[in-house]
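Encoded as structure tokens, the structure appears first; notes follow it.
Note that these values count all heavy atoms, side chains included, but never hydrogens, waters or copies made by symmetry.
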Amino acid sequence: QVRLVESGGGSVQAGGSLRLSCAASTDISSFSYMAWFRQAPGKERDGVAAINTRGRDTYYDDSVKGRFTISHDYIKNTVYLQMNSLKPEDTAMYYCAATIVPLTAIQGLDRLRYTNWGQGTQVTVSS
């Protein structure tokens, strides 16, 4: 059973930054893609950023392009989401996900493609 554990969430003011971490219980190169999703109350869980864990290809939702950066560390088996210039509309529970299924970049933001999920970490941005 693969475990994904998120951390790094918190409360910040608009314009601030946070870095989320997702630690995997296994070698992340065993996955094809890992991604960050977010879900606000009453809304669907949407893809934010995805990364090919066997390379460096990344893909972002338009709402976060230029502000968020996804990266991975093979030694720590961890995926990060650096979030800058945060806005109140970024407020949500953020989830890490992983899959072994080969994906295209745009499929990386499709939650139905992922079978492994973390418990989430809350991000709250105040105006």
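One distance of note links CZ of Arg38 with CZ of Arg45; it measures 13.5 Å at 0.5 Å rounding. With values rounded to the nearest 0.5 angstrom, Leu86 atom CG is found 6.5 Å from Arg67 atom CZ. Taking OG from Ser11 and CG from Leu18, the interatomic distance works out to 8.5 Å, rounded to the nearest 0.5 Å. Rounded to the nearest 0.5 angstrom, Leu81 CG and Phe37 CZ are separated by 12.0 Å. In this structure, CD in Gln107 is found 9.5 Å from OH in Tyr114, a value given to the nearest 0.5 Å. For the atom pair Ile28 CD1 and Thr78 OG1, the distance stands at 7.0 Å (nearest 0.5 Å).
Counted within 6.0 Å of NZ on Lys65, heavy atoms from surrounding residues, nucleotides or ligands total more than 12; the atom is thus considered enclosed. Remark: Leu112 CG is packed, more than 12 non-hydrogen atoms of other residues, nucleotides or ligands lying under 6.0 Å away.
The backbone N or O of Trp117 sits nowhere less than 3.5 Å from a side-chain atom of Arg3 that would complete a donor-acceptor pair. Looking at Thr99, its side chain does come within 3.5 Å of a backbone N or O of Arg113 through a donor-acceptor pair. No donor-acceptor pair closer than 3.5 Å links the side chain of Arg19 to the backbone N or O of Met83. Between the side chain of His72 and the main chain of Gly55, a donor-acceptor pair closer than 3.5 Å is present. At distances below 3.5 Å, not a single donor-acceptor pair connects side-chain atoms of Thr53 with backbone N or O atoms of Met34. For the pair Thr58 (side chain) and Ile51 (backbone), a donor-acceptor distance under 3.5 Å is absent. Using modelled atom types, no side-chain atom of Tyr74 and backbone atom of Asp27 make a donor-acceptor pair closer than 3.5 Å. Side-chain atoms of Glu6 come within 3.5 Å of backbone atoms of Gln119 as a donor-acceptor pair (strictly under, hydrogens ignored). Here the side chain of Ser21 pairs no donor or acceptor atom with the backbone of Ser7 at under 3.5 angstrom.
Nearest approach of Cys22 to Leu4, heavy atoms of both residues: SG-CB, 4.0 Å. Nearest heavy atom pair, residue Pro102 against residue Ser32, reads N-OG, 3.9 Å. Residues Ile100 and Phe31 approach most closely at CG2-CD2, 4.0 Å, considering heavy atoms. The two residues Pro88 and Ala14 make their nearest non-hydrogen contact at CD-CB, 4.1 Å. Summarising the geometry of Ala92 relative to Ala40, their closest heavy-atom pair is CB-N, 3.9 Å, with the distance given to 0.1 Å. Closest non-hydrogen pair, Val12 versus Ser17, comes out as CG1-O, 4.0 Å.
Side-chain contact between Val125 and Glu89 is absent, with no heavy atoms from C-beta onward closer than 4.5 Å. You'll find the side chain of Tyr80 stays beyond 4.5 Å of the side chain of Thr69, heavy atoms only.
A chain of hydrophobic side-chain contacts below 4.5 Å, direct or via other Ile, Leu, Val, Met, Phe, Trp or Tyr residues, connects Val48 to Leu20. Clustering ILVMFWY residues whenever any of their side-chain heavy atoms sit less than 4.5 angstrom apart, transitively, puts Val64 in the very cluster that holds Trp36. Side-chain heavy atoms closer than 4.5 Å link hydrophobic residues (I, L, V, M, F, W, Y) into clusters, and following such links, possibly through other members, connects Leu109 to Ile106. Tyr94 and Val79 fall within the same hydrophobic cluster, defined by Ile, Leu, Val, Met, Phe, Trp and Tyr side-chain heavy atoms under 4.5 Å apart, directly or through other members.
A distance of 6.0 Å or more separates the ring centres of Tyr33 and Tyr59.
Between Lys87 and Asp90 no salt bridge is recorded (no basic side-chain N to carboxylate O distance below 4.0 Å).
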